[in-house]
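Naming convention: chains lettered A, B, ... in sequence-line order (proteins, then strands); numbering from 1 in each chain. Basis for what follows: all heavy atoms, side chains included, without hydrogens, waters or symmetry-related copies.
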Amino acid sequence: MAKETKTRKAKTAGRRKKDPNAPKRSLSAYMFFANEQRETVRSENPGIAFGQVGKLLGERWKALSAKDKIPYETRAAQDKKRYEDEKASYLANGSADFEEEEE
DNA sequence: ACGTTGATTGTTCGC
DNA sequence: GCGAACAATCAACGT
């Protein structure tokens with residue numbers, strides 16, 4: 001399987017890119033985890049380079065127990081809900097007969 | 001219905 | 001401002 005690990009861009013057909021409101025996505029647990037760890041990791045490793053932090057961060061992330069990730073997963077789930085709202089509006093407008101541009 | 005894929009999210013650092 | 005490793009994600013499309 002080819003898993004592109006570098007800014008995977010549209011290529012096949014570009015599906016969601018056609019979204020009128022484009023409700024983006026939500027953050028992942030890692031995003032929240034990074035938000036907290038970034039301070040800790042950098043604090044523990046003064047002058048650490050992104051390459052090291054990034055990798056170290058990933059390792060630490062998995063080093064956590066499922067329950068340890070809870071707070072992050074919880075936030076992720078919350079953010080997802082935020083996305084749901086966007087999607088809701090996006091669908092609402094998309095399903096609506098009239099397309100209005102809020103301006 | 002199930003599977004694949006693509007798009008996105010945020011951090012750090014350098015230039 | 002963006003790109004790239006790091007991980008998650010997950011929703012829509014495809015078959």
Side-chain angles (χ1 to χ4, degrees):
Chain A
M1 283 53 174
K3 47 269 287 273
E4 278 77 87
T5 329
K6 48 156 175 179
T7 15
R8 45 280 247 165
K9 288 274 168 116
K11 178 242 266 183
T12 320
R15 339 200 270 263
R16 302 140 273 244
K17 270 282 82 183
K18 70 170 190 66
D19 287 306
N21 300 10
K24 312 299 187 176
R25 277 200 45 76
S26 38
L27 280 78
S28 15
Y30 201 81
M31 302 298 92
F32 307 100
F33 167 79
N35 264 282
E36 302 257 315
Q37 289 300 305
R38 115 204 123 163
E39 297 173 59
T40 310
V41 174
R42 267 201 85 218
S43 195
E44 295 278 304
N45 306 276
I48 187 172
F50 145 63
Q52 307 316 301
V53 185
K55 284 187 157 186
L56 179 66
L57 217 54
E59 287 180 73
R60 286 176 59 99
W61 166 248
K62 288 187 168 177
L64 300 169
S65 305
K67 73 179 194 82
D68 289 301
K69 302 190 300 172
I70 286 173
Y72 310 105
E73 293 177 303
T74 308
R75 284 201 183 276
Q78 268 225 11
D79 197 90
K80 189 204 148 259
K81 282 202 160 120
R82 177 85 236 116
Y83 166 71
E84 268 186 55
D85 184 80
E86 292 178 69
K87 193 178 52 155
S89 295
Y90 142 73
L91 290 168
N93 280 300
S95 286
D97 292 280
F98 34 34
E99 294 118 27
E100 278 187 56
E101 274 115 65
E102 296 93 5
E103 249 320 295

K.L.:
What integer distance in Å separates A:R25:CZ from C:dA7:P?
P.N.:
18 Å
K.L.:
State whether the side chain of A:D79 and the backbone N or O of A:A76 hold a donor-acceptor pair below 3.5 Å, judged by distance alone.
P.N.:
no
K.L.:
May I have the distance from A:K24 (atom NZ) to B:dG6 (atom P), rounded to whole angstrom?
P.N.:
18 Å
K.L.:
To the nearest Å, give me how far apart CD1 (A:I48) and P (B:dT12) are.
P.N.:
12 Å
K.L.:
Quick one: list whatever passes side-chain hydrogen bond (donor to acceptor under 3.5 Å, both in side chains) with A:Q78, sequence neighbours left out.
P.N.:
none
K.L.:
Once side-chain hydrogen bond (donor to acceptor under 3.5 Å, both in side chains) is applied, do any residues pair with A:Q37, and if so which ones, sequence neighbours excluded?
P.N.:
A:R60
K.L.:
Identify, with sequence neighbours excluded, every residue that meets side-chain hydrogen bond (donor to acceptor under 3.5 Å, both in side chains) alongside A:N35.
P.N.:
none
K.L.:
According to salt bridge (charged side-chain N to carboxylate O under 4.0 Å, His left out), who are the partners of A:R82, at least two apart in sequence or on a separate chain?
P.N.:
A:D85
K.L.:
Residues sharing A:L57's hydrophobic cluster, by side-chain heavy-atom contacts under 4.5 Å among ILVMFWY, directly or via others?
P.N.:
A:L27, A:Y30, A:M31, A:F32, A:F33, A:V41, A:I48, A:V53, A:L56, A:W61, A:L64, A:Y72
K.L.:
For A:K55, check salt bridge (charged side-chain N to carboxylate O under 4.0 Å, His left out) against everything at least two apart and list the hits.
P.N.:
none
K.L.:
Taking DNA chain C as the partner, which of residues 26-42 of chain A come within under 4.0 angstrom of it by heavy atom?
P.N.:
A:S28, A:Y30, A:M31
K.L.:
Could you tell me which residues satisfy side-chain hydrogen bond (donor to acceptor under 3.5 Å, both in side chains) with A:S43, sequence neighbours excluded, listed by chain and number?
P.N.:
none
K.L.:
In this structure, how many angstroms lie between the P atom of B:dT12 and the CD atom of A:E44, rounded?
P.N.:
16 Å
K.L.:
To the nearest Å, how far apart are A:D85 CG and C:dA11 P?
P.N.:
14 Å
K.L.:
Rounded to the Å, how far apart are A:K80 NZ and C:dA7 P?
P.N.:
24 Å
K.L.:
Under a 4.0 Å heavy-atom cut-off, which of residues 50-65 of chain A touch DNA chain B?
P.N.:
A:F50
K.L.:
Return the value, rounded to whole Å, for the distance between atom NZ of A:K69 and atom C1' of C:dC6.
P.N.:
13 Å
